[in-house]
Amino acid sequence: MTTDQIKEEVQLSLTVAKGSFYKKPEFGHRFKELAREVASEKTRSRAETYAAEALQWMIDYKHLKSVVSTASYVDSDKLQVHVECVAYNGDVIEFTRFVEVKQWP
C-alpha cells in the first residue's frame, strides 16, 4: 500500500461519520457526538479518543504502526484535532480537522 493510499484512508476515517457506510457501519468517526457537549477538558480528551478510535482499524490491518492524536481549542466552540500517524514504511502522515462543540454558557 502506498503512502498516498494510506493518507486517503486516514482522511476518510476522520471525515466520514460512523455509520455512514451501510456495508461497514463500524467505519468512521464519532465526532458528531461532541456537538452536544459543552467545551471542557473532558470534551477535548474525548475528541482525541475518537480520532484514535477512527484509525484503530488501520493499525489492526497493519496499515499504520502508530497513531497519536491531539486536540486543542481554537475558539470557545471549536476544537482542532490533529493526528500524526506512522506507516509501516516509516512515513509520517498528518491530518487536521475541526470539530464544533457547544460553547460554554
Side chain to side chain contact (heavy atoms under 4.5 Å, CB included) evaluation trace for E9 with W57: CA-CA 10 Å; E9 288 180 337; W57 74 272; 3.7 Å; yes
Same apolar cluster (I L V M F W Y, side chains within < 4.5 Å links), V38/V99: no
Heavy-atom side-chain proximity of T43 to Y73 below 4.5 angstrom: yes
Counterpart residues, ring-ring contact (aromatic ring centres under 6.0 Å, His included), relative to F98 (two or more places apart): none
Sidechain-backbone polar pair: R44 side chain, S72 backbone, donor-acceptor under 3.5 Å: no
Side chains of L64 and I6 in contact at under 4.5 Å (non-hydrogen atoms): yes
Distance (rounded to the nearest 0.5 Å) between S76 OG and K102 NZ: 13.5 Å
Spacing of CD belonging to E8 relative to CD1 belonging to I93, to within rounding of 0.5 Å: 11.0 Å
R97 and H29, any side-chain heavy atoms less than 4.5 Å apart: yes
Side-chain ion pair, R46 and E37, N-O less than 4.0 Å: yes
Same cluster (ILVMFWY, side-chain, under 4.5 Å), Y50 and V68: no
Path from L55 to F21 over hydrophobic side-chain contacts below 4.5 Å: yes
R30: partners by salt bridge (charged side-chain N to carboxylate O under 4.0 Å, His left out), with sequence neighbours left out: E33, E53
Same apolar cluster (I L V M F W Y, side chains within < 4.5 Å links), V86/L14: no
Worked check of side chain to side chain contact (heavy atoms under 4.5 Å, CB included) between E48 and V81: CA-CA 7 Å; E48 292 176 347; V81 179; 6.0 Å; no
Heavy-atom pair with the smallest gap, counting every atom of S13 and F27: OG-CE1, 3.5 Å
Residue pair E84 / F95, side-chain heavy-atom distance below 4.5 Å: no
Shortest non-hydrogen contact between A47 and A71, atoms and distance: CB-CB, 4.1 Å
Under 3.5 Å donor-acceptor, S45 side chain and E41 backbone: no
From CA spacing to verdict: side chain to side chain contact (heavy atoms under 4.5 Å, CB included), Y88, K62: CA-CA 7 Å; Y88 269 85; K62 306 243 186 282; 3.5 Å; yes
H82 and T96 side chains, donor-acceptor separation under 3.5 Å: yes
Backbone of D91 reached by a side-chain donor or acceptor of N89 within 3.5 Å: yes
Hphob cluster co-occupancy, V83 + Y61, side-chain heavy atoms under 4.5 angstrom: yes
Nearest-0.5 Å distance, CD of residue E100 to CG of residue L79: 10.0 Å
Value rounded to 0.5 Å, distance of NZ in K42 from CG in L34: 11.0 Å
Rounded distance [0.5 Å steps], SG in C85 versus CE in M58: 6.5 Å
